[in-house]
There are 2 protein chains.
Amino acid sequence: MTKEAIDRLVSHNIRPSAQRISIMEYLLTHRTHPTVDTIYNDLVCKMPTLSKTTIYNTLKLLEEHDAIIELTIDKKTAHYDGMTAPHSHFMCKSCGKIIDMPLQKVDQNQTSHDFTIDEAEVYYKGYCCDCMAKRC
Amino acid sequence: MTKEAIDRLVSHNIRPSAQRISIMEYLLTHRTHPTVDTIYNDLVCKMPTLSKTTIYNTLKLLEEHDAIIELTIDKKTAHYDGMTAPHSHFMCKSCGKIIDMPLQKVDQNQTSHDFTIDEAEVYYKGYCCDCMAKRC
DNA sequence: ATACGTTTTTGAAATCGTTACAAAATTAAT
DNA sequence: ATTAATTTTGTAACGATTTCAAAAACGTAT
């Protein structure tokens, strides 16, 4: 999986440092849409000198190079997704869990004199089955 | 327009205090998707004792009672919309301006064992004509 | 290999939107 | 008019993110 991480970095013109590989690999193997804190807490054991600033820097770099996606579905904290193929997301309003959804087709080619669209995101919110079972 | 503001409050079971009426009226007459700061700066002239905390409290209250909509299209700051009829939004990545869009139909009745959807939002991003003219 | 310049990482401090809290002011009820 | 409940206010706290400059790691040319 390390190879895939390096490939993803290199193919997006990002130099593969040890920290960048770790973070990229983390996102490729964890499909949980983690936050900066989650990534930091999970990686710092194996990489004791890791800094949270490096996580911020790296995620921003990866996102700017379209190697990952930044999700803004959660008002409080950014979440990150290593799966860049188009898809949508659902967030549970009770527990905060984010679940992948099949792509809802969105017409991005709307013509207008007022603007040009180059991104469209669909965010769903509701309650996941676990939270519903607990009647939250 | 003050009457419309009071009506909107009362019909959503919110007591119409002077501050709440002002804020509600502001959102009904300004279709600019303002932030807390914008609302505060525009209203404090007429209401010198107004507190920014009151704006925060009131907007949260209005949103919880579905009298207004909170937009999370802007990662940095919440924007608010007094138009509650279903529609989508476009944000210019250069100047931050938010523009109303016709509703893109989104299927909220997707059946799943994993969750129940009760909200869906579509956010578009790109560049507005003004910023494109300035080749930003 | 070594020295030099560039890139990357790091940790501390600053920033900024938002929330918590408790006191003051206003409004409603008896 | 008193008392209780609600609303507003200002200050302080909070937490995610950014800034910044120094330290470390890396790449390259000699």
Side-chain angles (χ1 to χ4, degrees), chain A residues 5-6 9-10 12-26 33-65 67-81 91 96 98, chain B residues 5-6 9-10 12-26 33-65 67-81 91 96 98:
Chain A
I6 294 173
L9 293 172
V10 171
H12 288 83
N13 297 309
I14 299 168
R15 275 213 183 84
S17 71
Q19 288 85 341
R20 290 170 180 173
I21 295 168
S22 289
I23 295 168
M24 188 70 249
E25 187 174 352
Y26 186 90
H33 314 94
T35 64
V36 165
D37 273 23
T38 305
I39 298 172
Y40 175 77
N41 290 328
D42 286 358
L43 291 182
V44 76
C45 319
K46 302 284 171 86
M47 243 189 174
T49 69
L50 185 63
S51 156
K52 208 174 280 190
T53 300
T54 300
I55 312 273
Y56 277 104
N57 291 342
T58 301
L59 291 171
K60 180 191 277 192
L61 183 75
L62 295 178
E63 201 265 333
E64 285 168 353
H65 285 71
I68 62 171
I69 290 171
E70 181 182 59
L71 304 181
T72 54
I73 193 171
D74 180 351
K75 203 175 55 165
K76 303 246 173 177
T77 319
H79 292 251
Y80 295 88
D81 193 342
M91 185 172 78
I98 295 174
Chain B
I6 294 174
L9 293 173
V10 171
H12 288 83
N13 298 310
I14 300 167
R15 277 215 183 81
S17 71
Q19 288 86 343
R20 290 170 180 174
I21 294 168
S22 290
I23 294 167
M24 187 70 250
E25 187 173 353
Y26 186 91
H33 315 94
T35 64
V36 165
D37 273 23
T38 305
I39 299 172
Y40 176 77
N41 289 328
D42 286 358
L43 292 182
V44 76
C45 319
K46 301 286 171 82
M47 241 186 177
T49 69
L50 186 64
S51 156
K52 208 174 278 190
T53 300
T54 299
I55 312 274
Y56 277 104
N57 291 342
T58 301
L59 291 171
K60 181 191 276 189
L61 184 74
L62 295 178
E63 201 263 335
E64 285 169 353
H65 285 72
I68 63 171
I69 290 171
E70 180 182 60
L71 304 181
T72 54
I73 193 171
D74 180 352
K75 201 175 56 166
K76 303 245 175 178
T77 320
H79 291 252
Y80 295 89
D81 194 341
M91 186 171 79
I98 296 175

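Here is how names work: the chains are called A, B, and so on, in the same order as the sequence lines, proteins then strands, and each is numbered from 1.
- Within the nucleic acid shown, B:Lys52 has no heavy atom closer than 4.0 Å to any nucleic acid atom.
- Heavy-atom minimum distance, A:Pro34 versus A:Tyr26: CG-CE2, 3.7 Å.
- Put simply, CG on B:Asn41 is 11 Å from P on C:dG17, counting in whole angstrom units.
- Here B:Gln19 reaches the OP1 or OP2 of D:dT9: one of its side-chain N or O atoms lies under 4.0 Å away.
- Side-chain contact between B:Thr35 and B:Ile39 is absent, with no heavy-atom pair separated by less than 4.5 Å.
- A donor-acceptor contact under 3.5 Å is formed by the side chain of A:Thr53 with the base of C:dG11.
- The interatomic distance linking B:Ile14 (CD1) with D:dT6 (C1') rounds to 14 Å, in whole Å.
- Distances shown here put every side-chain N or O of B:Thr35 at or beyond 4.0 Å from the OP1 or OP2 atom of C:dG17.
- Rounded to an integer number of Å, the gap from CD1 of A:Ile39 to P of D:dT17 is 11 Å.
- Two residues are said to be in side-chain contact when any heavy atoms from C-beta on lie closer than 4.5 Å; A:Ile14 and A:Thr58 fail this criterion.
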A:Lys75/B:Glu70 under salt bridge (Lys or Arg N to Asp or Glu O under 4.0 Å): CA gap, chis, key distance, verdict: CA-CA 10 Å; A:Lys75 203 175 55 165; B:Glu70 180 182 60; 3.2 Å; yes

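- As a whole-Å value, the separation of A:Leu59 CG from C:dT8 C1' is 15 Å.
- At the heavy-atom level, A:Ala18 lies nowhere under 4.0 Å from the strands shown.
- One finds a side-chain N or O of B:Thr49 lying less than 4.0 angstrom from the OP1 or OP2 phosphate oxygen of D:dT9.
- Rounded to a whole Å, the CG atom of A:Leu50 is 17 Å from the P atom of D:dA24.
- For B:Lys60 and D:dT9, the NZ to P distance is 17 Å, given to the nearest whole Å.
- With rounding to whole Å, A:Leu61 atom CG is found 8 Å from C:dT8 atom P.
- As rounded to whole Å, 14 Å separates atom C1' of D:dT7 from atom CD1 of B:Ile55.
- Comparing A:Thr77 and B:Pro48 by the nucleotide of DNA chain D that holds the closest heavy atom to each, the one mapping nearer the 5' end is B:Pro48.
- Closest of all the heavy-atom pairs between A:Ile21 and A:Pro16 is CD1-O, 3.5 Å.
- The residue among B:Arg15 and A:Thr54 whose nearest nucleotide of DNA chain C is located toward the 5' end is A:Thr54.
- Between A:Tyr56 and D:dT17 there is a side-chain N or O to OP1 or OP2 distance below 4.0 Å.
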